[in-house]
Amino acid sequence: MGSELKDLNSKPAKTQQPDPNDDDASAKDDRPLLKSTASSAAEDIQELEKKFAAFVRNDVYGSLGCGKLPLKEKLLLGIALVTLLPLRLLLVMSILVLYYLICKIFTLCSAPNLEEEQEDYAHLGGCRRAVILQSGRYLSRLLLFMVGFYWINETHKDSANTQDNSKTESTKKQSEERVRPGAIVSNHLSYLDVLYHMSSSFPSFVAKKSVSKLPLVGLIGKCLGCVFVQRESKSSDFKGVAGIVTDRVRNAHQNELAPMMLLFPEGTTTNGDFLLPFKTGAFLAGAPVMPVILRYSYRRFSPAWESISGVRHVVFLLCQFVNNLEVTRLPIYHPSQQEKDNPKLYANNVRKLMAAEGDLIVSDIGLAEKRIYLAALNGNNRLPSVLHQKND
């Protein structure tokens, strides 16, 4: 689920409109993204790939998953299409239906939580919540197994946040054991990220409003306690969503029974080698966070989902017999008072830590640049005027 989260703290950016009587502005708006001559098209793509390297696919399948495949890969893909793909689709749907039925049964006769225009069942307690949580974790791991993640290599780092030098190492560890993080902060590579985190800690996360109305998945999202966002809307309720997320993070930090929030502060997916600028939504509450670094290793098809259509990605993923996921879990990051007072500083410091511990390249590009790159790959030779103004 490649959720491209917006900054939960910021207002929608105001875009300066070009003067229609200004010839220079009009010319700028109509400027081609790629040069018009066919001979320079390859050079233009290479130039874009250098500039937007965080979104470039480096696997056998190439950009958009439409690269020219070697004969051996074609044969392997052809065999998998008629054998592995239908079998895995059947297993995936069976697991999804099974978990939906579990959620349906254990939410019967229970009214959903409707506070602040959200609808979820995260407030359920007792055996019903325990069954939903434990079966969700188990079936999420089983689902990953069925699509080729037979083993997941997890590494637990012993030292990370060392800003409080007045504490001894033993005192720090004792303090961290007593403190529960309010949010899991993870880099974002693919919709598969959510499945891993569900299998590990079963957190809530931010999802599109439309997800709540989907068959099967909608009820599961409500049982997770997802915060549903109308991303197309630029109305004032966006502040309300920021407030809900902040309250959820703070509540998870203080209440062991409350689900933790899973947040992807980059706001979009990358190819896994880079770390984009962090939004501040996960850090507004000033609560401790748990940084987690994901990396999908591969030889043929990359499970990262940065510049390839959803259907094509699912098909190629299910046709790959073995998929690999490496996870690095850092200790709970306890913010200083200065970081609590400055969420942007808090976000930047966690980002620097994750980049250093995960050997990731820090990049200053974001979702706007990703759209430019995807437009170029899809043959859209014109940049929207708002992107021209942003990048000039």
Side-chain angles (χ1 to χ4, degrees), residues 1 3 5 8 96 99-100 102-107 110-144 176-186 188 191-209 211-212 214 216-229 240-265 281-292 294 327 329-330 332-333:
M1 186 180 296
S3 54
L5 311 180
L8 299 176
L96 188 61
Y99 188 52
Y100 168 80
I102 292 174
C103 292
K104 189 70 174 178
I105 292 170
F106 284 88
T107 56
S110 299
N113 176 27
L114 297 174
E115 293 181 3
E116 299 178 295
E117 299 184 0
Q118 295 291 319
E119 182 178 350
D120 63 69
Y121 291 94
H123 65 289
L124 294 179
C127 66
R128 289 187 296 177
R129 179 63 184 172
V131 171
I132 290 174
L133 190 153
Q134 294 301 328
S135 61
R137 292 182 63 176
Y138 173 78
L139 291 176
S140 296
R141 183 63 188 94
L142 181 60
L143 192 58
L144 286 171
E176 291 182 5
E177 287 175 359
R178 294 193 300 267
V179 176
R180 186 174 190 254
I184 298 169
V185 175
S186 174
H188 198 15
Y191 52 85
L192 297 164
D193 303 347
V194 174
L195 277 179
Y196 166 74
H197 287 293
M198 284 179 63
S199 70
S200 176
S201 51
F202 205 75
S204 301
F205 55 91
V206 179
K208 291 181 181 179
K209 190 82 171 179
V211 172
S212 65
L214 292 176
L216 304 180
V217 177
L219 178 59
I220 294 174
K222 293 174 184 178
C223 288
L224 278 162
C226 289
V227 177
F228 297 109
V229 179
V241 173
I244 293 172
V245 171
T246 301
D247 290 343
R248 293 277 186 93
V249 171
R250 188 177 292 116
N251 187 37
H253 169 51
Q254 298 171 348
N255 181 6
E256 291 186 358
L257 299 179
M260 282 191 293
M261 286 296 300
L262 166 65
L263 294 166
F264 301 109
F283 309 94
L284 294 175
V289 297
M290 165 113 25
V292 178
L294 307 179
V327 181
R329 304 179 70 87
L330 303 182
I332 298 172
Y333 190 105

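If you're wondering where the values come from, they're calculated on a predicted model, not measured in any experiment.
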Flag, side chain of Arg180 to backbone of Ala252, donor-acceptor distance under 3.5 Å: yes
Leu139 and Ile102, any side-chain heavy atoms less than 4.5 Å apart: yes
Minimal non-hydrogen separation, Phe283 against Pro265, with atom names: CE1-CB, 4.3 Å
OH-CG distance between Tyr138 and Leu143, expressed to the nearest 0.5 angstrom: 12.0 Å
Of all pairs that satisfy salt bridge (charged side-chain N to carboxylate O under 4.0 Å, His left out), the ones with a partner from residues 120-138, not counting sequence neighbours: Asp120-Arg248
Full working for side chain to side chain contact (heavy atoms under 4.5 Å, CB included) between Val211 and Cys226: CA-CA 10 Å; Val211 172; Cys226 289; over 6 Å; no
Reported CG-to-NE2 distance for the pair Leu192 and His197, which is rounded to 0.5 angstrom: 11.0 Å
His188 and Phe264 aromatic ring geometry - parallel, tilted or perpendicular at 30°/60° bounds: parallel
Approximate separation, where rounding is to 0.5 Å, of Ile220 CD1 and Leu214 CG: 10.5 Å
Side chain to side chain donor-acceptor pair (under 3.5 Å) partners for Ser204, two or more places apart: none
Minimum heavy-atom distance between Val289 and Ala282, given as atom pair plus value: CG1-O, 4.1 Å
Which residues share a salt bridge (Lys or Arg N to Asp or Glu O under 4.0 Å) with Arg141, sequence neighbours left out: none
Distance in Å, Met260 CE paired with Asn251 CG, rounded so as to fall on 0.5 Å steps: 12.5 Å
Heavy-atom side-chain contact between Tyr121 and Leu219 under 4.5 Å: yes
Phe202 side, atom CZ; Gln134 side, atom CD - distance, nearest 0.5 Å: 9.5 Å
Between OG on residue Ser199 and CG on residue Leu144, distance to nearest 0.5 Å: 5.5 Å
Nearest non-hydrogen partners of Cys223 and Ile132, listed with the distance: CB-CG2, 4.0 Å
Main-chain N/O of Tyr196 paired with Ser200 side-chain donor or acceptor, under 3.5 Å: no
Closest contact, heavy atoms only, Val179 versus Ile332: O-CD1, 3.3 Å
Check: His253 side chain, Pro181 main-chain N or O, donor-acceptor pair, under 3.5 Å: no
Considering all heavy atoms, the nearest Leu224-Pro203 contact: CD2-O, 3.4 Å
